[in-house]
2 protein chains.
Amino acid sequence: MGRQPSAKPTSFDIAYLAGVSQPTVSRALRGSKSVSAATRANIQRIAQELNYTVDKNASSLRSQRTHTLALLFFEDPNPDESMINPFFLSMLGSITRECARRGYDLLISFQQMHNDWHVTYQDSHRSDGIILLGYGDYQLYLTKLEHLVEMGTKFVRWGSVSEDGIGLTVGSDNVGAGEQAGAHLVEVGRRRIAFLGDASDHAPEFQDRYDGLCRAMRAAGVEPDPALQRDAVSSEDSGYAAATSLIESGRSFDAVFAASDLIAIGAMRALAEAGLRLPQDVAIVGFDDIPAASQTTPTLTTVMQDMKGAGTLLVDALLARIDGRPVEQRVLPARLIKRQSTAV
Amino acid sequence: MGRQPSAKPTSFDIAYLAGVSQPTVSRALRGSKSVSAATRANIQRIAQELNYTVDKNASSLRSQRTHTLALLFFEDPNPDESMINPFFLSMLGSITRECARRGYDLLISFQQMHNDWHVTYQDSHRSDGIILLGYGDYQLYLTKLEHLVEMGTKFVRWGSVSEDGIGLTVGSDNVGAGEQAGAHLVEVGRRRIAFLGDASDHAPEFQDRYDGLCRAMRAAGVEPDPALQRDAVSSEDSGYAAATSLIESGRSFDAVFAASDLIAIGAMRALAEAGLRLPQDVAIVGFDDIPAASQTTPTLTTVMQDMKGAGTLLVDALLARIDGRPVEQRVLPARLIKRQSTAV
DNA sequence: CGCCATAGGGTATACGTATACGCATAATAT
DNA sequence: ATATTATGCGTATACGTATACCCTATGGCG
């Protein structure tokens, strides 16, 4: 039946073959400088030959470092439970790669917002640090964050960088992105610009985007009309509802800035059903540049965030915090992608 | 400065408080029947109170079981490296949840097809088993699979269930899905149906879909024309190229069955640019039901796979194999979603 | 030529858990 | 009544690594 799957070699096996003691093997492989170059090279060669890999469990047990990061998705308790926010998904790749590059494993965990705190607690024991991604009710979220801080857990989260300061935050330049979107809409001649997305402190990121929009409008000498803002969470249905409410209010508007692409897509449906022509009657800008944004009719102008940079930065920041190195909040640039929905 | 983050309690702490020995705590918590109900209840209560969690590293080290599954994405070495196949992403949620339900952790790892074997090898040491997801060159893939089998690694993969039998496979009923698509196209009056997607043994899943299509056509008394098949991998560009080649061949066709939605979307662009009306001149069916499929013009008829069931089944099958339980290959039903691109 | 610093590496041990044994007590069989 | 077995638990130990500490040769220095 072929050979045995040859029992996993240990550092003792290597040590024996190299004619040294086990600790020397450990030192050599971990890069301690108190082992001679020749010995180290020899040990590395033998390890390579035997396909030796350090036993993560033993190593972690001894050193009390897991070399693992946990990635927690906080989800809205929405009915469509199998759907994951496409935006976060596209960050996953870069986070994974960055972890691999740094020699860290990545543990994935999904969590309903309302869930037992217990799971998160466990995750904090299984990893050196936690990356938090999540839309949703920000207040609920905060209590969990405070709990984490209290426990001394290292973590970093994706979100609005401007606010409070619970823990370490990495995020896009939402204000700047909002400004870009606003400036572009003004440039194509729009003056009455509506905003769809929570502007309350339940959703700091959306709020930042709205602030940016207002800033751009004022810079162009246009005063934003608060009556043209409608709350919405990141889903098509919510966007549809918000746009419908806007239309039914009877107030005139010639552009819509949606706080996310999903909202924008729902809004486009509502606008089209109301007989409004896009972009002639109403120009529209979304946020996120999800794949569907280039498939809508008309194709959707939107803001693309630097997801690759985001993953790298999140991991970087978290590792810095874990190692006790100083780390400053950082903001990532975002870029406006112009498509048909704002074409003059 | 508040209290210390109170050192993590160990089984010894619990044992002391319960007035028993450490092994008894271990036995009680793991459900050994050689501990009395009263003692067990008491231990569990104390553990709960202290927020005790078993140290995974120590536990794994001792028992040689990691209680972790590794998820490996094999990617095409394509230029757009930050993009992950949206189809696999939607499976991630259900896999994660199923793992959590069974008390397993999930380790994520992306790999370029051409990468060093080393990474996969390591992953096989860090987990009890591996879940393999990947499109791409099937031959390259096979050599890696054989390597895994040789090492005695437990794994399960997503793919075409019909073929060879290297390892354990879970997949959709691609033949049946192809039949549904074909029957639908025939039903709306199409006779000259093109197929875009590799039909070689480099891509067994696509081949199955093609086989299903042919079967449905023959069942309706229509002989499929091999000249209407064009190779394509799962990307928009590839779909665009394949459709263009088809159009330029001058052969007449009144329908296209694309092996994936991305191919379909690329093909739609090519067809529209060639002045063909969809669906009047050419009806089109895709595969996967990615989010963008409902945003195209016209919206895309496609096949929806049971991704939630897929995740569950993959984890189930892998755990069965790990535990040495018997496990049969299983196939998941797929469902045709009818949209505008095939509306009569 | 003796003294000390340094490089290089060995010895002993701890990390927290799970399991093989052994040993009482109590329950049953003979 | 004694022999047998099951029940419930303690004792001892191993899993594979990393680190604190100790020891031995050198070489540099006065």
Side-chain angles (χ1 to χ4, degrees), chain A residues 6-44 46-47 50-68 103-105 122 124-128 323, chain B residues 5-44 46-47 50-68 103 105 122 124-128 323:
Chain A
S6 65
K8 209 177 67 173
T10 74
S11 52
F12 282 96
D13 299 329
I14 312 280
Y16 176 76
L17 290 175
V20 298
S21 70
Q22 176 270 325
T24 299
V25 172
S26 175
R27 282 189 280 251
L29 295 178
R30 309 227 44 236
S32 158
K33 62 187 174 123
S34 68
V35 48
S36 75
T39 309
R40 181 196 314 283
N42 188 34
I43 287 174
Q44 279 171 338
I46 296 177
L50 296 199
N51 252 334
Y52 169 79
T53 52
V54 174
D55 184 300
K56 275 243 346 165
N57 295 313
S59 172
S60 299
L61 176 59
R62 173 60 230 242
S63 64
Q64 298 297 74
R65 293 264 321 243
T66 64
H67 271 265
T68 297
Y104 273 72
D105 284 337
Q122 288 213 12
S124 76
H125 272 5
R126 283 162 169 32
S127 63
D128 294 337
D323 296 341
Chain B
S6 64
K8 210 177 65 172
T10 74
S11 52
F12 282 96
D13 299 329
I14 312 280
Y16 176 77
L17 290 175
V20 298
S21 71
Q22 177 269 326
T24 299
V25 171
S26 175
R27 282 188 280 252
L29 296 179
R30 309 223 48 235
S32 156
K33 61 185 175 125
S34 69
V35 47
S36 76
T39 309
R40 180 194 316 282
N42 189 34
I43 287 175
Q44 279 171 338
I46 296 178
L50 295 200
N51 251 334
Y52 169 79
T53 52
V54 174
D55 184 301
K56 275 238 354 163
N57 295 313
S59 171
S60 298
L61 176 58
R62 174 60 231 243
S63 63
Q64 298 298 74
R65 292 269 317 247
T66 64
H67 271 264
T68 297
D105 284 337
Q122 288 213 13
S124 76
H125 271 5
R126 282 163 170 30
S127 63
D128 295 337
D323 296 341

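Because the structure is a prediction, the values reported are computed rather than measured. Below, each value reflects all heavy atoms present in this structure, side chains not excepted, and no hydrogens, waters or symmetry copies.
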Residue pair Asp55(B) / Thr10(B), side-chain heavy-atom distance below 4.5 Å:
no
Send over the distance from Asn42(A) CG to dG8(C) C1', rounded to a whole Å.
15 Å
Base versus backbone protein contacts along nucleotides 14-24 of chain C [heavy-atom cut-off under 4.0 Å; B, S, -]
BBBBBBB----
Would you mind reading off the distance between Leu29(A) atom CG and dT19(D) atom P, rounded to a whole angstrom?
13 Å
Do Arg40(B) side-chain atoms and Ser32(B) backbone N/O form a donor-acceptor pair below 3.5 Å?
yes
Does the side chain of Leu29(B) come within less than 4.5 Å of Tyr52(B)'s, by heavy atoms?
yes
Beyond-backbone contact of Arg126(B) with Asn57(A), side-chain heavy atoms, under 4.5 angstrom:
no
Judged by atom type as modelled, is there a donor-acceptor pair below 3.5 Å linking the side chain of Ser11(A) to the main-chain atoms of Gln22(A)?
no
Check whether any side-chain nitrogen or oxygen of Ser36(A) sits under 4.0 Å from OP1 or OP2 of dA7(C), and answer yes or no.
no
Any side-chain heavy-atom pair of Ser63(A) and Arg65(A) under 4.5 Å:
yes
Please tell me whether Thr68(B) and Lys56(B) have a donor and an acceptor in their side chains that are separated by less than 3.5 angstrom.
yes
Side-chain H-bond candidate by donor/acceptor type, Lys8(B) with Thr53(B), under 3.5 Å
no
Identify whether any heavy atom of Val25(A) sits under 4.0 Å from a base atom; if not, whether one sits that close to sugar-phosphate; answer base, sugar-phosphate or nothing.
nothing
Take the C1' atoms of the five end pairs on each side of the helix from dC1(C)-dG30(D) to dT30(C)-dA1(D), get both axes, and report the angle to 10 degrees.
40°
